[in-house]
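What follows is a single structure, written as structure tokens, with notes after it.
Ligands are counted one by one from 1 in listed order, and the atoms in each one are counted from 1 as well.
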Amino acid sequence: MTALTLALSKGRIFDETLPLLRAAGIEVLEDPETSRKLILATNQPEVRVVLVRATDVPTYVQYGGADLGVTGLDTLIEHEAEWGGSAGLYTPLDLGIAKCRVSVAVRADFDYASAVRQGARLKVATKYTSIARDFFATKGVHVDMVKLYGSMELAPLTGLADAIVDLVSTGNTLKANHLVEVERIMDISSRLVVNQAALKLKQAPLRRLIEAFAAATGAKAQ
Ligand code: PRP
């Protein structure tokens with residue numbers, strides 16, 4: 001029996017992966033909202049789930065702390081930019097879950113159109129520095145980047161930055177903080193990431209799981 005470890009982050013990704021696991025015949029036996037455990041057993045003795053921070057999912061899979069994981073495209077792009085390549089990660093499936101977008105937002109009274117005229121300088125606060133850098137470079141806008149790890153919405157309100165680059169889903173967080181979305185950079189959904197070495201060593205069970213996920217999402221494994 002080959003053990004498989006799946007890395008997930010708590011919240012939307014965990015919640016939206018559960019039905020896919022169920023479709024593959026896997027039931028997680030504990031609820032991460034009530035249990036403090038970080039390793040969750042499933043009804044399949046050879047499959048376990050580890051709970052990690054969203055930004056740590058690619059790292060766990062890259063180093064083999066997990067054989068596979070589910071991560072947002074945003075997190076994956078930033079991870080690959082940091083490593084300068086695929087980082088030993090095989091990404092066979094767009095799971096089509098945890099959908100949102102990466103957008104630029106500013107204070108409602110900020111004149112974004114003039115601020116981004118060719119050759120302008122813009123102060124941008126974000127956790128997504130690689131996505132933001134590429135986006136503004138393509139527009140020919142010079143960016144002074146302020147790296148943040150959360151509560152990005154505060155940056156334009158406190159004068160830390162002119163604009164933020166952040167995930168937007170319902171738009172409620174922006175609205176509650178009097179910010180407006182001025183550009184949509186990219187659509188995001190979660191991807192299945194697999195450790196390339198594990199794919200060779202644990203080929204049969206991993207392939208079965210990937211195929212089951214593919215069938216459940218209607219996607220085609222690459
Ligand atoms: C994300 C993002 C926004 C919010 C947008 O944060 O950073 O704050 O969701 O969602 P909305 O458009 O539906 O309001 P998340 O809750 O993922 O946590 P984070 O602060 O760790 O990024």
Side-chain angles (χ1 to χ4, degrees), residues 6-21 28 31-36 38 40 49-62 65-66 69-82 91 94-110 112 122-136 143-193:
L6 168 69
L8 296 176
S9 52
K10 273 210 264 191
R12 222 176 140 191
I13 287 184
F14 182 87
D15 297 343
E16 296 187 22
T17 301
L18 282 188
L20 303 181
L21 285 172
V28 180
D31 176 1
E33 297 306 327
T34 53
S35 148
R36 302 289 296 173
L38 297 175
L40 309 179
V49 170
V50 291
L51 293 176
V52 303
R53 284 285 295 263
T55 44
D56 292 336
V57 168
T59 308
Y60 266 82
V61 177
Q62 177 179 347
V70 176
T71 186
L73 178 62
D74 49 323
T75 305
L76 187 62
I77 291 175
E78 293 297 326
H79 183 82
E80 290 185 345
E82 192 180 323
T91 53
D94 178 353
L95 298 172
I97 59 167
K99 285 187 176 173
C100 55
R101 55 195 184 270
V102 179
S103 292
V104 183
V106 297
R107 280 166 61 139
D109 58 2
F110 182 76
Y112 180 73
L122 191 72
K123 206 163 186 189
V124 176
T126 188
K127 175 154 90 174
Y128 307 102
T129 50
S130 175
I131 293 173
R133 196 167 280 126
D134 285 356
F135 177 72
F136 286 109
V143 163
D144 294 317
M145 201 73 75
V146 180
K147 166 97 184 186
L148 292 178
Y149 292 88
S151 302
M152 260 82 80
E153 296 82 7
L154 259 182
L157 306 177
T158 54
L160 192 66
D162 303 317
I164 60 169
V165 167
D166 194 11
L167 296 182
V168 180
S169 177
T170 60
N172 290 340
T173 309
L174 291 182
K175 206 176 290 163
N177 292 291
H178 312 291
L179 300 179
V180 289
E181 185 178 2
V182 284
E183 293 208 69
R184 194 178 176 126
I185 300 180
M186 64 173 70
D187 289 328
I188 298 294
S189 55
S190 290
R191 311 295 153 124
L192 191 66
V193 289

**OP:** Determine whether the side chain, the backbone, both or neither of Glu153 has a heavy atom under 4.0 Å from any heavy atom of ligand 1.
**Re:** side chain
**OP:** Between Thr170 and ligand 1, find which residue part has any heavy-atom pair under 4.0 Å and reply side chain, backbone, both or neither.
**Re:** both
Original post:
Between Arg101 and Asp187, is the closest basic N to carboxylate O distance under 4.0 Å?
Top reply: no
Provide the number and element of each atom of ligand 1 under 4.0 Å from a heavy atom of [X].
X: Thr173; value: 4 (C), 5 (C), 8 (O), 10 (O), 11 (P), 14 (O)
X: Asp166; value: 2 (C), 3 (C), 7 (O), 8 (O)
X: Gly171; value: 11 (P), 12 (O), 13 (O)

Original post:
Nearest protein heavy atom to atom 5 (C) of ligand 1, by residue and atom, and its distance?
Top reply: Leu167 O, 3.5 Å
**OP:** Show your working on side chain to side chain contact (heavy atoms under 4.5 Å, CB included) between Val180 and Tyr112 and close with a plain yes or no.
**Re:** CA-CA 10 Å; Val180 289; Tyr112 180 73; over 6 Å; no
Heavy-atom distance from [atom] to the protein below 4.0 Å?
atom: atom 18 (O) of ligand 1; result: no
atom: atom 13 (O) of ligand 1; result: yes
atom: atom 10 (O) of ligand 1; result: yes

Original post:
Closer than 4.0 angstrom: is that true for some heavy atom of Gly150 and an atom of ligand 1?
Top reply: no
To the nearest 0.5 Å, tell me how far [X] [atom1] sits from [Y] [atom2].
X: Met145; Y: Arg133; atom1: CE; atom2: CZ; answer: 4.5 Å
X: Thr17; Y: Leu6; atom1: OG1; atom2: CG; answer: 7.0 Å
X: Asn177; Y: Leu154; atom1: CG; atom2: CG; answer: 7.0 Å

Subject >> Closest heavy-atom pair and its distance - Ala7, Val57 >> reply: O-CG1, 4.1 Å
Subject >> Heavy-atom pair with the smallest gap, counting every atom of Ser189 and Lys99 >> reply: CB-CG, 4.1 Å
Original post:
Under 4.5 Å between any side-chain heavy atoms of Leu167 and Tyr128, yes or no?
Top reply: yes
Original post:
Is the shortest N/O to N/O distance between Val168 and ligand 1 below 3.5 Å?
Top reply: no
Subject >> Lys127, any N or O under 3.5 Å of ligand 1 N or O >> reply: yes
